[in-house]
Amino acid sequence: MIKFFDTLRGEVVPFEPLLPGEVRLYTCGPTVYNYAHIGNFRAYIFEDLLKRFLRFMGSRVLHVMNITDVDDKIIRDAGARGVSIGEFTEPYLKSFFAGIETLRIAPADRYPLATEHIPEMVRIIRGLLDKGIAYRKDGSIYFSIAKFPGYGKLSKIKRDELQTTSRIGARIEADEYEKESAQDFALWKAPKPGEPSWETEIGPGRPGWHIECSAMSSKYLGETFDIHCGGVDNIFPHHENEIAQSEAFAGKPFVRYWLHCHHLIVDGEKMAKSKGNQYTLDDLLRRGIPATAVRFLLLGTHYRKVLNFTFEAADQAKASVQRVLDFAYELDHRSFPEIRNEDVQRLVAEADRKFRDGLSDDLNISTALTALFELIREANSLLARNKIGRGEADLLRAALRSFDEVLVLLPEPQEETLPPDLAALVEERERARRSMDFKRADEIRAELLRRGIILEDTRDGVRWKIVQP
RNA sequence: GGCGCGGUACCCAAGCGGCUAAGGGAGAGGUCUGCAAAACCUCGAUUCGCCGGUUCGAGUCCGGCCCGCGCCUCCA
């Protein structure tokens, strides 16, 4: 049985999709006003784990991730640069997708853009106006949270406490828009001179932040769908407001399971531009941390715990991944005796059970990784004693590939030939070794290492590996 | 002030009432090897932030305290 921690209910609950065998998933995507940092990618990696695991367990997953391509900051910064919001967001959009690919995150089925779903948003706002839940003020339209009794149920914030909560006062005064009640939020913002706006049946203007997710999720996934993910910072106000809009409009439950991922901090501190610790994916790659190590690092801490990023942890992640890769390599580049060993089947079955049970328990990745590493250790131990036959090697390869459908650490199958000049060097070294010229042999090995090839002398002869980029 | 997360070996990190406290990294010693690499074997927390309590039995439950972190209308 699969169980997840649902933020709304505040506990781990059994997971049952609305339609058997199909999970409808909506995840909050980037606001493309800047380059994504590794904290953003932590959330996307968590969602990738969730999605790949659901597929691993036999579900189809229909996944929608929104792209926020219009908001206050985008308008401000595009204006400052004197370009359209489309021109402004394009490089960030490209960079986001490049990161998704680099980290081997399974792409969503759709990435709807906010600017392409204005009519869908207007339709909901229209409906909320008609129901008297939304009201107009100075050209803007606000959602009256007093009209939605369930307001605060996700974030556990009580409505009457909202305005007395400290810190809030200053922010309310700073707000440029007049509202009936301080806690009400904007569905539609009045146009301002020189800023983008849309002519619509509810008047000119641009959407508030929250409405796009209500509009796009219901369009592609239905008015009630299975899972909605995001970072914990989205619980309030973003997701709270989505619930209010969607449920007030549709009159039915919005989301069945809310899964939120905690933050990533760096060296024990919150990431902040001012601290200079806000790393992008490219920053890490430039520092020599391979993408798979980044993936492993972001994957390796349970999603509901704060992940403390350090470069030491990144190096450890790299080494851990290497252990998996070396094991896979061993299975592919070794001769196996013609024997049978029943133990292997038992080990594989046990690892598979533990892997599934771990992830089924609210995505307990530690248990799942333990299953993988225990299998590797046991298998290596048998391998060292030459007690794994050809058939068992196939079993192990299949198990590894199966786990890797979720973890995605193994390299893509690649061309396994050395460029001729390098192959010639390997040959020359073999001749040198046969004539006991170990000095020359070691020179060649060092040369090849500089060129990204590591040589290993085994009982079956010399073999080479590509060193992780 | 409100809501929430966490403090387990040098580092990362499971376990959440009961066999010897997972797993990975780093470290020490050994095996194999021309040397390496990889791998294997062995070692490594009498102890789980602190203090009380419940229990036959507690990192695991209860109470108090200390410390770190996040959110509270920009934020993954």
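Below, chains carry the letters A, B, ... as their sequence lines are ordered, and counting in each starts from 1.
Among the atoms of the strands shown, base atoms are found under 4.0 Å from some heavy atom of Arg445(A). The residue Glu312(A) sits close only to the backbone: its heavy atoms come under 4.0 Å of sugar-phosphate atoms, none of a base. Residue contacts for Gly39(A): at a heavy-atom cut-off of 4.0 Å it reaches a base atom on one of the strands shown. Contact annotation for Gly300(A): no contact, since no heavy-atom pair falls under 4.0 Å across all strands. Counting any heavy atom pair closer than 4.0 Å across all strands shown, Leu455(A) reaches a base atom. Across all strands shown, Lys73(A) has heavy atoms under 4.0 Å from base atoms, whether or not it also approaches the sugar-phosphate.
The listed nucleotides are G4(B), C41(B), A76(B); the one nearest the side chain of Asn234(A) is A76(B). Set against C3(B), C40(B), A76(B), the side chain of Lys156(A) has C3(B) as its closest nucleotide. Listed nucleotides A38(B), A26(B), A13(B) differ in distance to Ala319(A); the shortest reach to its side chain belongs to A26(B). Among the nucleotides A76(B), A38(B), A14(B), the one closest to the side chain of Asp326(A) is A38(B). Closest to the Thr370(A) side chain, of the nucleotides A13(B), G23(B), C40(B), is G23(B). Side-chain atoms of Arg377(A) lie closest to G23(B) of the nucleotides G4(B), A76(B), G23(B). In the set A38(B), G4(B), A14(B), the nucleotide with an atom closest to the side chain of Lys305(A) is A14(B). For His263(A), taking side-chain heavy atoms from C-beta onward, the closest of the listed nucleotides C40(B), C35(B), C71(B) is C71(B).
Checking Glu456(A) against Gly29(A), the closest nucleotide of RNA chain B that is more toward the 5' end is the one next to Glu456(A). Residue-to-nucleotide proximity on RNA chain B shows that, of Thr310(A) and Arg433(A), the 5′-proximal contact is made by Thr310(A).
Note on ring orientation: taking the six-membered ring where Trp is involved, the planes of Phe143(A) and Phe185(A) are parallel (angle under 30°, cut-offs 30° and 60°). In this structure, His260(A) and Trp258(A) have parallel ring planes: the angle between them is below the 30° cut-off, well short of the 60° mark.
Pair assignment for G1(B) gives C72(B), based on Watson-Crick or G-U wobble hydrogen-bonding distances that are each under 3.5 Å. Pair assignment for U31(B) gives A39(B), based on Watson-Crick or G-U wobble hydrogen-bonding distances that are each under 3.5 Å.
With Glu212(A) contributing its side chain and Ala114(A) its backbone, the two residues share no donor-acceptor pair below 3.5 Å.
Taking atom C1' in both C69(B) and U46(B), the straight-line distance is 32 Å, to the nearest Å. Taking the C1' atom of each, G64(B) and A26(B) are spaced 38 Å apart, rounded to whole Å.
A stacked arrangement is not assigned to Phe373(A) and the six-membered base ring of G23(B), the conditions of a centre distance below 5.5 Å and an interplanar angle below 30° not being jointly met.
Between the side chain of Asp457(A) and the base of C35(B), a donor-acceptor pair under 3.5 Å is found. No N or O donor and acceptor, one from the side chain of Glu374(A) and one from the base of G23(B), sit under 3.5 Å apart. In the interface, the side chain of Gln316(A) is paired with the base of C11(B) through a donor and an acceptor atom under 3.5 Å apart. For a distance-only test at 3.5 Å, the side chain of Asp442(A) qualifies as a donor-acceptor partner of the base of G34(B).
Separating the CG atom in Leu422(A) from the CG atom in Leu455(A) is a distance of 9.5 Å, to the nearest 0.5 Å.
Figure legend: Arg136(A) and Tyr142(A) shown without cation-pi pairing, the cationic atom not lying both under 6.0 angstrom from the six-membered ring centre and within 45 degrees of its axis.
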